[in-house]
Structures are given as structure tokens and as C-alpha cells.
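Comments concern the structure below.
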Amino acid sequence: MVRVRFAPSPTGYLHVGGARTALFNYLFAKHNNGKFVLRIEDTDVERSTKESENSLIETMKWLGFDWDEGPDNGGNCGPYRQSERGEIYMEKAYELVEKGFAYEAYVYPEELEQLREEMLSRKVSPHYDEEMLAAFDTPERRAEYAQKGMKPVIYFKMPKKDFKLKDLIKGEVTFKEGTIGDFVILRSSGLPTYNFAVVVDDALMKITHVIRGDDHLSNTLRQLAVFEGLGFELPEFAHVSMILGPDGSRLSKRHGATSVEKYREMGYLPESVMNYLALLSWSHPEEKEIMSMEEMIKQFTIERVNSSAAIYDDQKLRWMNGMYIRELDDDKLAKLAIPYIVAAGQMTQEDADANYKWLREAVASIKKKIHQFDEVPEMISVFFEEPSFNIEWTKQIKEDDTDPAFIELYNQVKAADSWSIPDIYNLFKAVTKTVKVSNKKFYHMLRVVLTGEEDGPELVNIIHLIGRNQMIKRLERVVDTI
RNA sequence: GCUCCCAUCGUCCAGGGGUCUAGGACAUCACCCUUUCAAGGUGGAGACCGGAGUUCGAACCUCCGUGGGAGCGCCA
């Protein structure tokens, strides 16, 4: 039984990189009929917050993730918050001490820093070892600790040997002996450090495949050693390359929108975000680009995961979101667009409800134009506000020789008695039949006269939606000046 | 500094020794369609980091160089 986990730290919003890691884990689990576990890595009490955890979960649900075991829905290997697993780590840490794979140290952080600088000045890698740390373990120091109620820090004794890792993505990786020194597994606060907690949890939660970012590849050396010390069976590892910003450095806030929540706010669909993320370092065997979750699950294999880093450039995501938007039916489209219209103050929720049919057509008329829902208000503003008249329009119309067409149109509109979309089409046919005119120039300027813009919703829809009276009013201004 | 990872169009990917005059997608440009703008269609331009080696043959294998990234915390 395949078991994978996604283990975020609740220190902020879900990042696109984190979402991609979660997605790969999820796809791998589903593809293999395995389990997907959500574990919260909140051992850093300084930075972890409950709000972050909630937002993380909320965002993941929005994206469409579901997990078989996790902090909110439980499971057989819980608890799923590291902050609730303190005793387990403590127990395992002392188990290592008893076995001789770890030791207690009575050293103060300042002293450690001193040692470190000393080694650095001697141009040696700053590694700590038992002998070095034992110097601080005096009866006086122990008494001091006892008096202050402090606990010794537990160091893991790094074995003097090479470690080999067969990574599913990176291939065989060898960590040579002496690369790192002994390291802390249990802090003086009694809380475990990352590299220790991860191993204990992955083992106890029976994780079979650890799929994570390759920024953890170096850490794997420590984890390999801990796995061995604890006598746990090793899971498979797959280190996915990172997502970089456009300048090639690690993706961060300064590269713009990097949180999934931000994309949600901008009006991105979860389907397009997931689809786009799946394509970063992975590809469909037939190079398909737009695909459903089912298709991704069906096709996902680690073998097809690329080992090089990807630069995050959301232009393609934007395009993809447009593709997904165009597949939405008009009701769904309206439902998603209305909050943006209300937020922009163009309509109240009550108005929107009362004029739903009209609004649905208005939104449908811009379906092919928008890529994100936050573009809706700007795009449909023509329906709410009359553009201010510009005499340049008249000049341009005269120059185009389309003025007779405008006059004819004006007369026909005044004479019109019904205003359905087919009626409008017929009306235009009648105009262009009566007056010889360049369609391109005529319709272009008509749009400008009606909206003040050179692009926007479908012209027929604009005419239909603003209504005959508005049409006359807006045309009048130009006809009067011809 | 030390250790590890990575290297194909501007960007995301395909390519797992000959079928590569290197394929697709986004972006870009041109044209077509069209009742404007879009959407859609067609086409163009655009890349194997450098150097050795292995081989009859290398984008694909090896080594070196260069460039980029990550890790080296009582952060995760």
C-alpha cells in the first residue's frame, strides 16, 4: 500500500511551490490507489500559527485536495500535528541515547557560536562532535541546568561513513563521510528539530514514498542516518526540483503573486491552477496540456518528472485560466463573476439577484475576453456608465466616410419596434444594405461611440444590453455633430 | 569556503545513441475567418552552455570547465 504525505509548516499562505509538491504527492497516491496524508509541521512555535494552518487547509480544499488522514479528519497514525507528538519524539530521542547513537549536551547557544567562529577562523568546516561538546558537561553545568529547569540538548552522533540514496528522480546520490557533524535532534525546549521529527513521523505514519522539494536533498543525509539509528525501514525518496522566480532565484514574495490564495482572489479557477502546476516538471506522455484531474491521475508517474528546476512564469497559467473560463456555462460564469461586480460597487447583491438574466448575458458577452475574474468589472463597465462624448469621434467618422451609415443606423434604431438580438442583426443588415460602408471602420467607430473603448464585450450584446433608448442617446451625440 | 543537485527555443515541457534539417504549448509576429475587439484557424521566427573523450554515429553516455540552484541553525 502506497502512503505519501504532504507536510507543510503553517507559517503563511500555501505557496505555489508547496501546492505543486502536494499535487505530485496526491497524483502519485491516487495513481497507485494509495493514501494521501496531511501532516502539519509546527514544531517551530515562533513562526507557526493556527491561522496559517486553517488557511492552508482551506486553500487545499479549494484546490480540490482531499486527504485520507490529517489533523482535521484524523486517522490511525495520528496525531497529525507535530506539536501534539512531543512525547513520541522525546521517547525516540532517548531511545537513541540509550542505544549510543545520540548524546546529551550541556552547552549554551553562545558557546556553540564561539566554537563555530573558532573553527571558521581555522578554515575548517564547523562540525560539532561529542568530544567537543563533552567539555561543557561538568557537574557545575548540570547543577546550573537543573536549577534553571533546563533540559540538555540531544545531539545525534553522525556515523563515520558514506551514505547512499537511490532517489527516484535524482538517481543515485552519494553523501561522503565527514560532510556534516553531529546535529541537534531535541532542543532544550524538549521539542524536536525538523530532521528528527520528519523521520520519526514518516516511519510511524508508514510513509512509503517521500516526495518533496529538492531543497531537502541535503537534509536527507541526516534523515538517512536517523532512520538507520532508529532501525526503521527506509521509504523511497523522490526529490522534485524547485520552482524558481523569473530571475532564476528561489521563488519568493518579491516575484509577485506566489500564494495560491492570491490567485484565488484574482479570479483563477482551481482547475487551471492545478493543471498548470502539474505541468511544472512533469508532462503528459502524449504532451497533452489541458487535462482533467482524472486524466492527470491516470497518467502520473514519477518517471516522467523532470529533474531540472522550473522557472515560474504565470503567463501560461493566465492563458490556461482563460481556456477553463471559456468552458464554463453561463450560469456558472455569472455565479463566479458576481462577487467581483459587487465588490467593485457596480451593483449591489440585491440588484444582481433582481437583474440576474440581464447580468448573465452581460457576463457571457465577455467570456472570450477575460483571463481572470478580476478583469470583469473593468470589462463590463460599459454597461453601467455612459462614456463622455469626444468630438474626435465625429471627425474620424467623417474621415472614414461612415457618416451616412451612422445617420441611417440612427434612423433605423429610432424606427425599430423590437430589440431582440436577431432584430439587431437584421437592423444592421438593413443599414449596410442601404448604405455602402466599410464594415471594419463602421463597426470599430460604432464601438467607440457606444463605449468609449476600442475593445470590450461583443458589440451585439452591448447594443442589446444597454437597450434601445441608451442606443439612441449615445448615437444622437454623434449624429448631431455630423 | 565545503557538500549536493541541475543545464534543449524568452518561458514550460518532449527527446532515454541513429527516425533530430530537434517536436509541442505559452508568449511574439504575419495572414485567414469575422458585424469591431476577442475567440478560433494557418503559417513564421526562435534552443541542444563550452571543451575533451567513448562510438561507425551523441541533444542523449563519461570526464573537465562554466553557469545557475540548494543545504551547511536548539528554521522547516
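Proteins come first, then strands; the chains are lettered A, B, ... in the order of their sequence lines, and each starts at number 1. Every heavy atom of this structure was used, including side-chain atoms; hydrogens, water molecules and symmetry mates were not.
- Candidate nucleotides B:A7, B:U11, B:C74 were compared by shortest atom distance to the side chain of A:V184, and B:C74 ranks first.
- Applying the ring-ring contact (aromatic ring centres under 6.0 Å, His included) test to A:Y410 and every residue at least two apart in sequence or in another chain returns nothing.
- If you take atom P in B:A59 and the same atom in B:U8, they sit 15 Å apart, rounded to whole Å.
- When distances run from any side-chain atom of A:N219 to the nucleotides B:C74, B:A76, B:C6, the shortest one goes to B:A76.
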Do any side-chain atoms of residues 188-205 of chain A form donor-acceptor pairs under 3.5 angstrom with protein atoms, and if so which ones, sequence neighbours left out?
from   : atom 1 : to     : atom 2 : distance (Å)
A:S189 : OG     : A:L191 : N      : 3.3
A:T193 : OG1    : A:V184 : O      : 2.8
A:Y194 : OH     : A:H216 : ND1    : 2.9
A:N195 : ND2    : A:Q223 : OE1    : 3.0
A:D201 : OD1    : A:R85  : NE     : 2.7
A:D201 : OD1    : A:R85  : NH2    : 3.1
A:D201 : OD1    : A:Y89  : OH     : 3.0
A:D201 : OD2    : A:Q82  : NE2    : 2.8
A:D201 : OD2    : A:Y89  : OH     : 2.7
A:D202 : OD1    : A:R5   : NE     : 2.9
A:D202 : OD1    : A:R39  : NH1    : 2.9
A:D202 : OD1    : A:R39  : NH2    : 3.1
A:D202 : OD2    : A:R5   : NH2    : 2.9

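- Note: CZ (A:R212) to P (B:C5) measures 15 Å, nearest angstrom.
- For the pair A:W393 (side chain) and A:G452 (backbone), a donor-acceptor distance under 3.5 Å is absent.
- A donor-acceptor pair shorter than 3.5 Å cannot be found between the side chains of A:E392 and A:N390.
- Among the atoms of the strands shown, none is found under 4.0 Å from any heavy atom of A:T432.
- The list of side-chain hydrogen bond (donor to acceptor under 3.5 Å, both in side chains) pairs with a residue in residues 147-157 of chain A, not counting sequence neighbours, reads A:Y108-A:K148, A:E130-A:K157.
- If you check B:G71 for Watson-Crick or wobble pairing at under 3.5 angstrom, you find it paired to B:C2.
- The C1' atoms of B:C63 and B:C13 are separated by 28 Å, rounded to the nearest whole Å.
- Applying the ring-ring contact (aromatic ring centres under 6.0 Å, His included) criterion to A:F373, with sequence neighbours excluded, gives no partner residue.
- The base-pairing partner of B:C49, taking Watson-Crick or G-U wobble contacts with both distances under 3.5 Å, is B:G65.
- Nearest nucleotide to the side chain of A:D313, out of B:A14, B:U11, B:A76: B:U11.
- Within the structure, every pair that satisfies the side-chain hydrogen bond (donor to acceptor under 3.5 Å, both in side chains) test and touches residues 271-281 of chain A, not counting sequence neighbours, is listed here: A:R20-A:S281, A:S272-A:N321, A:N275-A:Y324.
- Between the CD atom of A:E110 and the P atom of B:G73 there is a distance of 17 Å, rounded to whole Å.
- Between the side chain of A:S307 and the base of B:C6, no donor-acceptor pair under 3.5 Å is found.
- Contacts of A:F136 classified as ring-ring contact (aromatic ring centres under 6.0 Å, His included), with partners at least two apart in sequence or in another chain: none.
- By the ring-ring contact (aromatic ring centres under 6.0 Å, His included) test, A:Y443 is found to be paired with A:F428, residues two or more places apart in sequence or in another chain being considered.
- Atoms NZ (A:K441) and P (B:U35) sit 17 Å apart, rounded to a whole Å.
- Distance from the side chain of A:S218 is smallest to B:A70 among B:A70, B:G15, B:U35.
- Not a single donor-acceptor pair, N or O on each side, falls under 3.5 Å between the base of B:A76 and the side chain of A:D215.
- The distance from atom NE2 of A:H239 to atom P of B:G71 is 12 Å, rounded to the nearest whole Å.
- Ring orientation note: the planes of A:H239 and A:F237 are close to parallel, at an angle under 30° on the 30°/60° scale.
- A:K161 forms a cation-pi arrangement with A:F163, by the criterion of a distance under 6.0 Å to the ring centre and an angle within 45° of the ring axis.
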Identify each atom pair where a protein N or O and an N or O of nucleotides 60-69 of chain B are less than 3.5 Å apart, giving names and distance.
none

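- Nucleic acid contact class of A:K176 (heavy atoms, under 4.0 Å, all strands): sugar-phosphate only.
- For B:C5 and B:U28, the P atoms lie 39 Å apart once the distance is rounded to whole Å.
- Looking at heavy-atom distances under 4.0 Å, A:R304 makes contact with sugar-phosphate atoms alone, never a base.
- Contacts of A:P422 classified as side-chain contact (heavy atoms from CB on, under 4.5 Å), with partners at least two apart in sequence or in another chain: A:S420.
- Note on A:T174: only backbone sugar-phosphate atoms sit closer than 4.0 angstrom, heavy atoms only; bases stay farther off.
- Taking atom C1' on both B:C60 and B:C49, the two are 16 Å apart, rounded to the nearest angstrom.
- Taking 4.0 angstrom as the limit, A:N306 places none of its side-chain polar atoms (N or O) nearer than this to OP1 or OP2 of B:U8.
- Judged by distance alone, with hydrogens and angles left aside, the side-chain atoms of A:T49 form a donor-acceptor pair with the main-chain N or O of A:S52 at under 3.5 Å.
- A heavy atom closer than 4.0 Å to some atom of RNA chain B occurs in A:L279, A:L280, A:S281, A:S283, A:E287, these being the qualifying members of residues 276-287 of chain A.
- When both pairing distances are held under 3.5 Å, B:U42 makes a Watson-Crick or G-U pair with B:A30.
- Across all strands shown, A:E289 has heavy atoms under 4.0 Å from base atoms, whether or not it also approaches the sugar-phosphate.
- Put simply, NZ on A:K170 is 8 Å from P on B:A7, counting in whole angstrom units.
- As judged by a 4.0 angstrom heavy-atom cut-off over every strand, A:I311 is placed among residues touching the sugar-phosphate backbone only.
- For A:R116 and B:C74, the shortest distance from a side-chain N or O to OP1 or OP2 is not below 4.0 Å.
- B:A27 atom P lies 12 Å from atom CG of A:L317, rounded to whole Å.
- Partners of A:P109 under the side-chain contact (heavy atoms from CB on, under 4.5 Å) rule, at least two apart in sequence or in another chain, do not exist in this structure.
- Atom OH of A:Y194 and atom P of B:A70 are 16 Å apart (whole Å).
- Pairing of B:A14, defined by two Watson-Crick or G-U wobble distances under 3.5 Å, is not identified with any nucleotide.
- Contact annotation for A:V107: base contact, defined as any heavy-atom pair under 4.0 Å involving a base atom.
- In this structure, CZ of A:F237 is placed 17 Å from C1' of B:A70, rounded to the nearest angstrom.
- In this structure, B:C9 makes no Watson-Crick or G-U wobble pair, since no nucleotide meets both defining distances under 3.5 angstrom.
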Look for any protein N or O under 3.5 Å of an N or O in nucleotides 38-46 of chain B and output each such pair with its distance, or none.
from  : atom 1 : to     : atom 2 : distance (Å)
B:A38 : O2'    : A:K368 : O      : 2.9
B:A39 : O3'    : A:R326 : NH1    : 3.2
B:G40 : OP1    : A:R326 : NH1    : 3.4

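- With hydrogens and angles ignored, the 3.5 Å screen pairs a side-chain donor or acceptor of A:D129 with a backbone N or O of A:M132.
- If you take atom P in B:G18 and the same atom in B:G57, they sit 14 Å apart, rounded to whole Å.
- Closest to the A:Q315 side chain, of the nucleotides B:A27, B:A76, B:A70, is B:A27.
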